[in-house]
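Let me begin by presenting the structure, written as structure tokens, before commenting on it.
Per chain, numbering begins at 1; letters A, B, ... match sequence-line order.
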Amino acid sequence: MPELPDVEGFRRVLDEHAGEPIRSVRVYDTGVLRGVGERGLGDALRGHRFEHPRRHGKWLLAPAEGPVLMLHFGMTGSLSWHPAGEARHPHDRVAWRLDDGELRFRDMRKLQGVHLAADRAQAQRTLDDLGPDALQVTRRRLGELLSGRRARLKTALTDQSLIAGLGNLLADEICWRARVNPLRGAADLDEKDLDALHRAMRKVLRDSVRAERVPPRDTWLTGVRDEPEAPCPRCGTPLSSRRVSGRRTVWCSTCQPS
DNA sequence: TCCTCTGTTATGAG
DNA sequence: TCTCATAACAGAGG
């Protein structure tokens, strides 16, 4: 589930508690720890304060007066605030206790998890292979990024090393809004297509970040894509779908001709 | 019970 | 460089 907008929401949650001392770190399931142990995580953070966190693509980075906590939410992760004493959820894997409550990393499938970098430089190295954050990509940059790719548009948009932050839902939603077929070659788009794609990306991201998710409105592709035989919200044509690079891809054959 | 599906990412074979 | 299969993991649904 978590794509750029969701992670932006988690960033806000953490940001509201920047400056508060971390009293303790509780690890309920070491299966989400990546490259750090329970002991190491606690020792590095206890007594420190989270500073203002930042997000790059689907990564959330929280510097804490030296070490940098790095969270990746995979398909099912989240970060949420809970007042002291609230019962633990079975999928709560790690909790950072502050004075009035705690931040909880909840994740059913544990596909990604919790990293710890020694400092900002090391955190940055983890991000070195990522493309620019999708919110920062200009129209010109988008053209440059896609022009050299032989992959399909859908595959290129969800490739984090090309553009960071777009997941399965966002990529389909953006293509649908731009009226561009996701199966087309990324390098085959003309200037008009790229204009539309960039406008759609801005609009979809702006609305999604506001909602802290890709909003499942019935006027959006995301709102109907999981219904069997769903009609296109724009023209009523039954939506098409197939797997592309292992991901279910949905589009409208009328609005998005190949 | 068994099988398939699912919003992510990394890896290796071809 | 790209596609495809697979794996990590856990739950829902047929």
Exercise for the section: Would you indicate what A:T155 reaches in the nucleic acid, counting non-hydrogen atoms under 4.0 angstrom: base, sugar-phosphate, or nothing? Expected result: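 A:T155: backbone/sugar contact only, no base atoms under 4.0 Å.
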
Exercise for the section: Check every strand shown and say whether A:R34 touches a base, only sugar-phosphate, or nothing at a heavy-atom separation below 4.0 Å. Expected result: nothing

Taking atom [atom2] of [N] as reference, at what distance in whole Å does atom [atom1] of [X] sit?
X: A:M75; N: C:dA7; atom1: CE; atom2: C1'; value: 14 Å
X: A:R93; N: C:dA8; atom1: CZ; atom2: C1'; value: 13 Å
X: A:D107; N: B:dG7; atom1: CG; atom2: P; value: 16 Å
X: A:E3; N: B:dT6; atom1: CD; atom2: P; value: 15 Å
X: A:E173; N: B:dG7; atom1: CD; atom2: C1'; value: 13 Å
X: A:L33; N: C:dC9; atom1: CG; atom2: P; value: 14 Å

Practice task
State the dot-bracket string of DNA chain B. Criteria: Watson-Crick or G-U wobble, both atom distances under 3.5 angstrom; notation: ( ) intrastrand, [ ] crossing earlier pairs, | interstrand, . unpaired.
Solution key: .|||||.|||||||

Handout entry: Distance-only donor-acceptor check, side chains A:D129 and A:S161, under 3.5 Å
Key = no

Give a yes/no answer on whether the side chain of [X] brings an N or O atom under 4.0 Å of OP1 or OP2 in [N].
X: A:K58; N: B:dT9; answer: yes
X: A:Q112; N: C:dA8; answer: no
X: A:R109; N: C:dA8; answer: no

[X] with [Y]: basic N within carboxylate O range, under 4.0 Å:
X: A:R55; Y: A:D133; answer: yes
X: A:R179; Y: A:D193; answer: no
X: A:D226; Y: A:R248; answer: yes

Handout entry: Sub-6.0 Å ring centroid separation between A:W96 and A:H17
Key =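 No, ring centres 6.0 Å or more apart.
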
Exercise for the section: Determine, for A:W251 and A:R225, whether the Lys NZ or Arg CZ falls below 6.0 Å from the six-membered ring centre while staying within 45 degrees of the axis. Expected result: no

Problem - P atoms of C:dT6 and B:dC3, separation to the nearest Å - result: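 Pairwise P distance, C:dT6 against B:dC3, rounds to 15 Å.
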
